[in-house]
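Accompanying notes for the structure given below.
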Amino acid sequence: MDYLHITGGAKLQGEINISGAKNAALPLLSATLLSNRPVQIDNLPNVADVKTLAKLLEHLGAVVSWLTPHQAQIDANHIIHTKAIYDIVRKMRASILVLGPLLARCGHCEVSLPGGCAIGARPVDLHILAMEKMGAEIHIEGGYIVAKAPKGLQGTQIVFDKITVTGCENVIMAAALAKGRTQIINAAREPEVVQLCEVLQNAGVEIQGVGTSVLEIIGTDREPLQIPTFSVIPDRIEAGTYLCAGAITNSHIRLTNANPTHLEAVLEKLRQIGFRLESNRDSIELFPATKRESFEIITTEHPGFPTDMQAQFMSLATQCNGTSVIQERLFENRFMHASELQRLGANITLKGNIATIVGSESSQLVGADVMATDLRASSALVLAGLVAQGSTNVHRIYHLDRGYENLEQKLTALGAQIERKSE
Ligand code: UD1
């Protein structure tokens, strides 16, 4: 198994190119199931989760041709299976994203229940309720969601009592081929949801309210879509993670192919801490701070502070003067990185969903062996390793490989001392 060996203390400097967004790529790849013509997708991130979803599409019968490592053509004309098997779904919860499109296109499907995951129970009840509201008959059998809608799905009003990103994306995709108008109340407003809507609009689907919490979608009544070539939006979480790498080492770095409008809450937090930032349409530059102040974060849905940036800011808090407080509101068990950061000497106290971090610019973390527990927790440990005295080994980095493309090459290019090794 691979691990990352990091020698802390290096200042970073230079430019880093942000990859396509994993969380946009996954629903967009699933949306190709709505089409019976080849769809070309550009700027796909070369990460394990994208490969897993491509494998799932192939398993269903789609032909996936990689034109380059970042560009694929998917032809889902012949769907030969409608079962998303446990073996693939257990590797990636987001496989649930094929539920809506498969059901809408084929009138039936079986999707393995994703089960628990490191950051909490993460149920899919809202996905199932929404499909039932659209006319599907669903039961659970042998660990699978067995869904049938032989006459197709019917447009209706879906009221989400909780905002769910992939749940909303599933309904949007199902609604695109449903009969009549679907209204989604309390829809997710994440940039990845917006891009899914825009791609479907370009395929001729009428969607109103894009980017707001009320969406209206007019379905094609099972007429497959023709989706024009498109390019995946930049990964805002990867961008935020590298900004934190610059911030924790108090360095001057510049991100290219990054969209600052997708990151406003994160940029604002970095400003509050003391960093100067300059943004253009597709670049963000971070300048060192003269003093780094402690901060407070409450994670929430977009456009609020993203839960996917919480772990990285916890590492950063160890290097800010005073007491920082982080409240995690979306996932009940998303502080697993805290005990690993404590192994590096971080002063962190947990109480329920609130973490209190006492940090200082002069406080020195000390390198140790640490274990990654989930995708974003892994990147938080890498960030801490960049400033810890001596060597830090981050184990179980397969979590990291799920969502960060060439992380060690990108950090090395900025001057970090980091290498991938095998146990
Ligand atoms: C997506 C992102 C993930 C991010 C999360 C929150 C993808 C592939 N993943 O995950 O990186 O951390 O949004 O921004 O885009 N919930 C239910 N029932 C459901 C669905 C969700 O109770 O049926 C709860 C969840 O347990 C959680 C909250 O709703 O507490 C939000 O989860 P959700 O937005 O669905 O997360 P994902 O879409 O899985």
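As the structure lists them, so they are numbered: ligands from 1, and atoms in each ligand from 1. Keep in mind it's a predicted model, so treat the numbers as computed, not measured.
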So is E192 close enough to ligand 1, meaning a heavy atom under 4.0 angstrom away?
no
Can you name the closest pair of heavy atoms from L4 and V382 and give their distance?
CD1-CG2, 3.9 Å
Heavy-atom pairs closer than 4.0 Å: do any link ligand 1 to the side chain of R334, the backbone, both, or neither?
side chain
Looking only at heavy atoms, what is the nearest atom pair of A388 and T392, with distance?
CB-OG1, 3.7 Å
Look only at interatomic distance and state if T164 has a nitrogen or oxygen under 3.5 Å from any nitrogen or oxygen of ligand 1.
yes
Side chain, backbone, both or neither: which part of H127 has a heavy atom under 4.0 Å from ligand 1?
both
Examine ligand 1 and decide if any of its atoms is less than 4.0 Å from a heavy atom belonging to R329.
no
Of all the heavy atoms in I163, does at least one lie under 4.0 Å from an atom in ligand 1?
yes
Aromatic ring centroids of Y86 and Y144 under 6.0 Å?
no
Looking only at heavy atoms of G167, does any of them come nearer than 4.0 Å to an atom of ligand 1?
no
Under 4.0 Å from ligand 1, counting heavy atoms only, is it the side chain of D308, its backbone, both or neither?
side chain
Please compare N23, V165, L26, T300 and report which has the shortest non-hydrogen distance to atom 2 (C) of ligand 1.
N23
So that I can tick it off, tell me whether E301 and R189 are bridged by a salt bridge, with the cut-off set at under 4.0 angstrom between side-chain N and carboxylate O.
no
With a cut-off of 3.5 Å and sequence neighbours excluded, list every side-chain donor-acceptor pair involving residues 48-56.
residue : atom : partner : partner atom : Å
D49     : OD1  : R402    : NE           : 2.9
D49     : OD2  : K22     : NZ           : 3.4
D49     : OD2  : R402    : NE           : 3.3
D49     : OD2  : R402    : NH2          : 3.0
K51     : NZ   : N46     : OD1          : 2.5
T52     : OG1  : A48     : O            : 3.0

Atoms of ligand 1, numbered as shown, that sit under 4.0 Å from any heavy atom of V124
19 (C), 23 (O)
How close do D235 and G20 get, counting heavy atoms only, and between which atoms?
CB-O, 3.6 Å
Element-labelled atoms of ligand 1 that are located less than 4.0 Å from some non-hydrogen atom of T307
6 (C), 12 (O), 14 (O)
Any N or O on E169 sitting closer than 3.5 Å to an N or O of ligand 1?
no
Close N or O approach (A94, ligand 1; < 3.5 Å):
no
P123: numbered ligand 1 atoms lying under 4.0 Å from its heavy atoms
17 (C), 18 (N), 19 (C), 20 (C), 21 (C), 22 (O), 23 (O), 26 (O)
Tell me, please, which residues at least two apart from E238 pass side chain to side chain donor-acceptor pair (under 3.5 Å).
K410
Any idea how F313 and F305 line up, ring-wise: parallel (<30°), tilted (30 to 60°), or perpendicular (>60°)?
perpendicular
Among side-chain atoms of H395 and D369, is any donor-acceptor pair under 3.5 angstrom?
yes
